[in-house]
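Because the structure is predicted, anything quoted here is derived from the model rather than measured.
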Amino acid sequence: QVRLVESGGGLVQAGGSLRLSCAASGSIFRINAIAWYRQAPGKQRELVAAITSDGRTNYADSVKGRFTISRDNAKNTVYLQMTSLKPEDTARYYCNADIISHTVVPGTLGKFYEDNYWGQGTQVTVSS
């Protein structure tokens, strides 16, 4: 079973930095696009940053120049480096990924299954 586990959240003062990590585990064949979303209380979940399997990135306008998304394919891990944090960045941050998993079937190439997965999130709080 595929799982996404986020870490690295916490409390930081405005202007500070945090680095979030999202590690995927399970019977993973390939991870396609991975993204970070965030959701503040009373607000809709919004896309923060995304990265494709070949490294192309996309950012929300509100975080451009301050956040950097990267991935380590060997570790099945994606990172979100956040700098110059602002109180309005306070939210729960979620990892989302399109993953192809693989199940071994003796005598065959196995079964491949593609699905979209969410992590449980990690809280980021920026104090003013």
Side-chain angles (χ1 to χ4, degrees):
Q1 183 176 355
V2 174
R3 292 183 63 208
L4 297 177
V5 178
E6 301 97 332
S7 62
L11 173 64
V12 64
Q13 288 187 333
S17 300
L18 282 175
R19 188 193 195 206
L20 305 183
S21 299
C22 172
S25 62
S27 300
I28 297 171
F29 174 74
R30 185 173 69 235
I31 301 176
N32 292 327
I34 308 178
W36 285 97
Y37 287 76
R38 66 186 181 187
Q39 187 168 20
K43 295 187 177 181
Q44 288 189 332
R45 191 171 295 189
E46 63 174 356
L47 176 67
V48 176
I51 185 167
T52 63
S53 57
D54 58 357
R56 287 171 291 145
T57 59
N58 183 45
Y59 296 92
D61 288 342
S62 59
V63 306
K64 281 182 181 177
R66 300 188 298 121
F67 291 9
T68 302
I69 188 171
S70 62
R71 61 192 288 171
D72 184 334
N73 291 329
K75 296 181 179 180
N76 288 334
T77 300
V78 63
Y79 305 97
L80 185 67
Q81 179 68 49
M82 305 186 294
T83 63
S84 301
L85 282 161
K86 305 174 181 180
E88 50 264 43
D89 294 318
T90 295
R92 191 164 186 84
Y93 284 70
Y94 297 89
C95 180
N96 175 269
D98 289 326
I99 297 175
I100 300 174
S101 58
H102 178 252
T103 301
V104 174
V105 178
T108 75
L109 294 176
K111 292 184 178 180
F112 296 87
Y113 177 72
E114 184 172 7
D115 204 352
N116 183 264
Y117 297 87
W118 288 92
Q120 293 299 308
T122 184
Q123 179 67 35
V124 172
T125 303
V126 184
S127 63
S128 57

Do side-chain atoms of Ser101 reach the backbone of Tyr113 as a donor and acceptor pair under 3.5 angstrom? yes

Test item: Ser17 and Met82 side chains (from C-beta on) under 4.5 Å apart, heavy atoms: no

Is there a side-chain contact between Leu18 and Val124 in this structure, where contact means two heavy atoms from C-beta onward sitting under 4.5 Å apart? yes

Ile69 vs Val78 side-chain heavy atoms within contact, under 4.5 Å: yes

Could you tell me if the side chain of Arg71 sits less than 4.5 Å from the side chain of Ile31, heavy atoms only? yes

Is any side-chain heavy atom of Ile99 closer than 4.5 Å to one of Asn116? no

Anything under 30° is parallel, anything over 60° is perpendicular, the rest tilted; go ahead and classify Phe29 against Phe112. perpendicular

Does any non-hydrogen side-chain atom of Tyr117 lie less than 4.5 Å from one of Arg3? no

Step by step, work out the side-chain contact (heavy atoms from CB on, under 4.5 Å) result for Tyr59 and Val48. CA-CA 6 Å; Tyr59 296 92; Val48 176; over 6 Å; no

Can you get from Tyr94 to Leu80 by hopping between Ile, Leu, Val, Met, Phe, Trp and Tyr side chains that sit under 4.5 Å apart? no

Within the distance-only criterion (no hydrogens, no angle test), does the side chain of Thr90 pair as donor or acceptor with the backbone N or O of Val126 below 3.5 angstrom? yes

Between the main-chain N or O of Cys22 and the side-chain N or O of Glu6, is there a donor-acceptor pair closer than 3.5 Å? no

Mind listing the closest non-hydrogen atom pair of Ala91 and Ala40 along with its distance? CB-N, 3.8 Å

Do Leu20 and Tyr79 come close enough that some side-chain heavy atom pair is under 4.5 Å? no

Do Arg30 and Asn32 get their side chains close enough for a donor-acceptor pair, meaning under 3.5 Å? yes

Walk me through it: do Leu47 and Trp36 pass the test side-chain contact (heavy atoms from CB on, under 4.5 Å)? CA-CA 6 Å; Leu47 176 67; Trp36 285 97; over 6 Å; no

Those residues that, when tested against Tyr37, pass ring-ring contact (aromatic ring centres under 6.0 Å, His included) (two or more places apart): Trp118

Any salt bridge (charged side-chain N to carboxylate O under 4.0 Å, His left out) involving residues 87-104? Give me the pairs, sequence neighbours left out, ordered by first then second residue. Arg38-Asp89, Arg66-Asp89

Can Ile28 be reached from Leu4 by stepping across I, L, V, M, F, W or Y side chains whose heavy atoms are under 4.5 Å apart? yes

Using a 4.5 Å cut-off on heavy atoms from C-beta on, say whether the side chain of Cys95 contacts that of Ile34. yes

What distance do Ser25 atom OG and Gln1 atom CD have between them, rounded to the nearest 0.5 Å? 9.0 Å

Does atom CD of Gln123 have more than 12 heavy-atom neighbours, drawn from other residues, nucleotides or ligands, at distances under 6.0 Å? yes

Grab the two heavy atoms, one from Thr122 and one from Gly9, that are nearest each other, plus how far apart they are. OG1-N, 3.2 Å

